[in-house]
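Starting from 1, each residue takes its place in the sequence as its number. All ligand and atom numbering here is 1-based and tracks the order in the structure. Computed from a predicted model, the values in this text were never measured in an experiment.
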Amino acid sequence: MRKLTKEDLVRLLDHRIFHQISRLADAMGIECYVIGGYVRDLFLGRPSKDIDIVVVGSGIRLAQALAGMLGRGAHLSVFSNFGTAQVKYHGLEVEFVGARKESYSHDSRKPVVEDGTLEDDQNRRDFTINALAVCLNQPRFGELVDPFDGLLDMEDRLIRTPLDPDVTFSDDPLRMMRCVRFATQLNFFIDEETFEALARNKERIRIISKERVADELNKIMMTPTPSKGFVELERCGLLPLIFPELAALQGVEKVNGRAHKDNFYHTLEVLDNVCAQSDNLWLRWAALLHDIGKPRTKRFDPSLGWTFHNHNFIGAKMVPDIFRKMKLPMNEKMKYVQKLVGLHMRPIAIADDEVTDSAVRRLLFEAGDDIEDLMTLCEADITSRNAQRKRKFLDNFKLVRKKLVDLEERDRIRNFQPPVSGEEIMAVFGLSPCREVGTLKSAIKDAILDGVVPNEHDAAYAFMLERAAGMGLRPVEGKG
Ligand code: CTP
């Protein structure tokens, strides 16, 4: 955290827009402050484009005056129902709101709102670090108003609610997700009392829309170490309510003295490993879901120990349901996650054995353009504490990667299109769509993937004629 004096704040608020707001507010005789995330981020040295201004009076009137003063290039939107207004100006978004007092009913996030003082407004905010305000009026320009010791909390790296946390969370349960999200994003600790209130109020998360919860989860996922957020969600008991399939990975069972690893903590380790390599949100989701099928496939076999047969297939099947329930996009992103979950065992299986051309070609065929991401996921999945075992896998992965490059250059398998199409097969043998056409098509595909036939039309055609003859099929006149 940066230590900033009033002079520093004056310097940091040197953007034209703050001076214009200041002059207008003085001329209109109203108090106004920058508040919330923008001020927090000034102290944390994080970039921020969204500016929240709280006005003791009408935020809308001040916004209208500002838009008028800025003229062209400024865009004003007024939300009379909410008593707020927004001015967009050269990439900046400035929100204006009148200082307010809010009271909530038990079953809704919609508060009853009354005009209030700055203090009332700060009281209704979620965390002490988000309740900091800096005055914009002269001569107090740059003066910090910090009634809840938000600065001290920032120094101590603490997320804490300004009021009784039961009130803050019950008023707006989304704040429970925000609490965990900020702790993860900023790498802060959740204050003990605040944490206990998370546990007490967790059931209230049910009144929050799935979209908002997913939005917060995605913000957690985009931090450098999302595991921290998921551990907190698990510890306070929110996880089973918002993501039961992930919570089900937690725990270790022991039979005859043999235990399996805790798949929840293993998953989080894989997730963090992937995050160190990639900013791709959906690759991160694939890491989070890669073992999601394990609880449903877990068996104890007296000779083999714990097994999770087909957990990748079951996991891939679970992906659309999870995305639908959590209101994540049901589009190609979901398909991509599903594909990676389904394929995540393949490179390991190859690397555990002899790395053959045929196995690598098949992998390339199935993964297509997502092969690199799949390899990243699989390398992240090697969390063995046995250094020798880990080395062996990583070395074999290097071999798989090298073969991928060699085969890709030679055989163009990544976006494989069979060199002989179904239409051509039908024309050659005078067939209409039938089982034989499918059999021949997959025989050609297998022959190419197994390296029996090169990925070229004429060679594949000759192979087809030979295979068809064995099936008793003869080309129609002039096609042989
Ligand atoms: N706020 C709140 N309760 C919420 C949402 C927001 O008290 N459920 C208050 C906080 O004071 C917050 C401010 O409104 O700082 C602005 O909210 P928002 O823009 O959502 O968050 P930021 O704090 O700016 O952080 P970020 O942009 O990372 O979400």
Would Leu174 count as a polar contact of ligand 1, with the cut-off being nitrogen or oxygen pairs under 3.5 Å? no
Roughly how far, to the nearest 0.5 Å, is the CZ atom of Phe127 from the SG atom of Cys179? 4.5 Å
Within the structure, does Gln185 bring an N/O atom to less than 3.5 angstrom of an N/O atom in ligand 1? no
For ligand 1, which atoms sit closer than 4.0 Å to a heavy atom of Gly36? 15 (O)
Using the ring of each side chain (for Trp, its six-membered ring), is Phe323 parallel, tilted or perpendicular to Trp282, with breaks at 30° and 60°? tilted
For residues 396-403, tabulate all N or O donor-acceptor pairs below 3.5 Å that involve a side-chain atom, not counting sequence neighbours.
unit_1, atom_1, unit_2, atom_2, d
Asn396, ND2, Ala351, O, 2.1
Arg401, NE, Glu379, OE2, 3.1
Arg401, NH1, Glu372, OE1, 3.0
Arg401, NH2, Glu379, OE1, 3.0
Lys402, NZ, Asp406, OD2, 3.2
Lys403, NZ, Asp357, OD1, 3.3

Close side-chain approach of Phe182 to Asn130, heavy-atom, < 4.5 Å: yes
Are the side chains of Glu232 and Thr184 in touch, meaning some heavy atoms are under 4.5 Å apart? no
Is Arg181 touching ligand 1 with its side chain, its backbone, both, or neither, if touching means heavy atoms under 4.0 Å apart? side chain
So is Glu95 touching ligand 1 or not, going by heavy atoms under 4.0 Å? no
Where at least one partner belongs to residues 24-45, residue pairs that pass ring-ring contact (aromatic ring centres under 6.0 Å, His included), sequence neighbours excluded: Phe18-Tyr38
Looking at every heavy atom in both Arg100 and Val97, which two are closest together, and how far apart are they? NH2-CG2, 3.1 Å
Backbone or side-chain N or O of Asp52 under 3.5 Å from ligand 1 N or O: no
Heavy-atom contacts under 4.0 Å between Arg175 and ligand 1: side chain, backbone, both, or neither? side chain
Within ligand 1, which atoms have a heavy atom of Lys219 less than 4.0 Å away? 29 (O)
Is Tyr38 in contact with ligand 1, taking contact as a heavy-atom separation below 4.0 Å? no
Is there a heavy atom of Asp172 sitting under 4.0 angstrom from any atom of ligand 1? yes
